[in-house]
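Below, all heavy atoms of this structure are taken into account, side chains as well, without hydrogens, waters or symmetry copies.
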Amino acid sequence: MRILIVEDDELLQDGLAVGLRLAGFVPEVVGTLADAGQALSSGAFDAVVLDVMLPDGSGLDFLRGLRTRGARTPVLVLTALDGLGDRIAGLDTGADDYLGKPFELDELAARLRAILRRGDGRARAELVWNGLALDPARMVGSRGGAEVAFSRKEFVILHALMQHPTAILSRAALEERVYGWQEEVESNAVEVHVHKLRAKLGAGFIETVRGAGYRLAAEEGAG
């Protein structure tokens with residue numbers, strides 16, 4: 001779950017990045033609308049956390065431009081402008097959610113999970129496939145009544161696959177979800193995490209599609 005944070009306060013940038021990373025997200029931080037536009041044009045993000053008052057303009061004007069161009073990436077406006085009129089203006093401009101400062105990181109993470117769930121067309125918080133239920137809030141799974149624990153990177157890869165269980169995700173696509181811009185990626189990092197997931201879930205839970213990437217095995221009894 002790759003999140004673009006558009007916030008110019010450096011202290012808040014650090015707090016958001018650390019908190020959302022601990023919650024299972026992969027945050028990328030920029031401090032201007034120009035950098036935000038460049039980031040969105042060069043990479044895929046699951047959602048955007050957007051301040052309103054930024055050094056080079058209004059976040060709402062930026063959001064209006066995104067929606068005018070047809071961009072459907074979920075946007076959560078996070079701002080000190082928290083009056084009723086401000087919230088209405090933000091939502092009517094195209095925000096999927098609006099949260100005032102100060103705020104609790106746990107609530108921000110929960111709101112992000114909610115807008116991502118709605119974007120996927122899911123009512124349930126859990127993702128379920130082949131007997132495994134994945135809880136995004138706790139970053140754990142359960143199967144057959146037993147809890148299955150994952151590292152943060154194992155969880156991010158598994159969550160990406162379970163969001164689109166019949167799709168093939170390339171190694172590059174998974175690397176983009178797991179690692180931020182500033183992180184160094186070892187050449188076999190995804191393979192190592194997939195190997196660990198198979199050790200926990202069974203060798204056949206994740207399939208390797210030669211030359212293409214990875215996907216979840218078909219549901220048992222399907223077809």
Practice task
Answer whether the closest heavy-atom distance between the side chains of Leu132 and Met162 falls below 4.5 Å.
Solution key: yes
Problem - Given Arg67, Arg117, Arg72, Arg118, the one that forms salt bridge (Lys or Arg N to Asp or Glu O under 4.0 Å) with Asp96 - result: Arg67
Completion exercise
Residues pairing under ring-ring contact (aromatic ring centres under 6.0 Å, His included) where one sits in residues 61-120, two or more places apart or in two chains, turn out to be none
Practice task
Measure the CD-CG distance between Glu7 and Leu54 for me, rounded to the nearest 0.5 Å.
Solution key: 7.0 Å
Completion exercise
Apart from Val18 itself, its cluster of hydrophobic side chains linked below 4.5 Å comprises Leu22
Handout entry: Nearest heavy atoms of Leu4 and Ala36, plus distance in Å
Key = CD2-O, 4.0 Å
Exercise for the section: Check whether more than 12 heavy atoms from other residues, nucleotides or ligands sit under 6.0 Å from atom CD of Glu147, and answer yes or no. Expected result: yes
Problem - Asp56 side chain vs Leu33 backbone, donor-acceptor pair below 3.5 Å - result: yes
Practice task
Determine whether Arg143 and Phe205 make a side-chain contact, defined as any pair of heavy atoms from C-beta on separated by less than 4.5 Å.
Solution key: yes
Handout entry: Min side-chain heavy-atom separation Val194-Thr208 under 4.5 Å
Key = no
Practice task
Any chance you could lay out the side chain to side chain contact (heavy atoms under 4.5 Å, CB included) test for Val178 and Ile157, step after step, and finish with the verdict?
Solution key: CA-CA 7 Å; Val178 174; Ile157 288 175; 3.4 Å; yes
Problem - Ile5 vs Leu20 side-chain heavy atoms within contact, under 4.5 Å - result: yes
Practice task
With side chain to side chain contact (heavy atoms under 4.5 Å, CB included) as the test, would you mind laying out the steps for Leu60 and Leu50 before giving the verdict?
Solution key: CA-CA 9 Å; Leu60 293 189; Leu50 178 65; 5.8 Å; no
Exercise for the section: State whether the side chain of Arg21 and the backbone N or O of Arg152 hold a donor-acceptor pair below 3.5 Å, judged by distance alone. Expected result: no
Exercise for the section: Check whether any side-chain heavy atom of Arg138 sits under 4.5 Å from a side-chain heavy atom of Phe155, and report yes or no. Expected result: no
Practice task
Report yes if the side chains of Thr73 and Leu66 come closer than 4.5 Å at any heavy-atom pair, otherwise no.
Solution key: no
Exercise for the section: Start with the C-alpha distance between Leu99 and Leu78, add both sets of side-chain angles, then the distance that settles side chain to side chain contact (heavy atoms under 4.5 Å, CB included), and finish with yes or no. Expected result: CA-CA 5 Å; Leu99 183 60; Leu78 183 66; 3.9 Å; yes
Handout entry: Side-chain (Trp129) to main-chain (Leu134) donor-acceptor, under 3.5 angstrom
Key = no
Handout entry: Ionic contact status for Arg113 with Asp106, cut-off 4.0 Å
Key = no
Exercise for the section: Answer yes or no: are there more than 12 heavy-atom neighbours, outside Glu191 itself, under 6.0 Å from its atom CD? Expected result: yes
Completion exercise
Minimal heavy-atom distance between Val209 and Arg215, with the atoms involved, is CG2-NE, 3.8 Å
Handout entry: Shortest non-hydrogen contact from Leu116 toward Met1
Key = CD1-SD, 3.9 Å
Problem - Main-chain N/O of Glu126 paired with Asp135 side-chain donor or acceptor, under 3.5 Å - result: no
Handout entry: Side chain Arg87, main chain Asp82, donor-acceptor under 3.5 Å
Key = yes
Handout entry: Nearest heavy-atom neighbours spanning Pro74 and Asp46
Key = CD-O, 3.2 Å
Exercise for the section: Enter the distance from Thr93:OG1 to Ile88:CD1 here, rounded to the nearest 0.5 Å. Expected result: 11.5 Å
Problem - Candidate pair Lys101 and Leu12, rule side chain to side chain contact (heavy atoms under 4.5 Å, CB included), full reasoning - result: CA-CA 11 Å; Lys101 301 175 184 176; Leu12 187 52; 3.7 Å; yes
Exercise for the section: Could you work out the complete set of other residues in the hydrophobic cluster of Val140, with links drawn between I, L, V, M, F, W and Y side chains under 4.5 Å apart? Expected result: none
Practice task
Find out whether Ile206 and Leu216 are in side-chain contact, i.e. whether some heavy atom of one side chain is under 4.5 Å from a heavy atom of the other.
Solution key: yes
Fill in the blank from the handout: Closest non-hydrogen contact found for Leu63 with Gly94 is CD2-C, 3.8 Å
Exercise for the section: Answer whether the closest heavy-atom distance between the side chains of Val29 and Leu16 falls below 4.5 Å. Expected result: no
Problem - Flag if over 12 foreign heavy atoms under 6.0 Å of NZ, Lys200 - result: yes
Handout entry: Residues, nucleotides or ligands: over 12 heavy atoms within 6.0 Å of His164 NE2
Key = yes
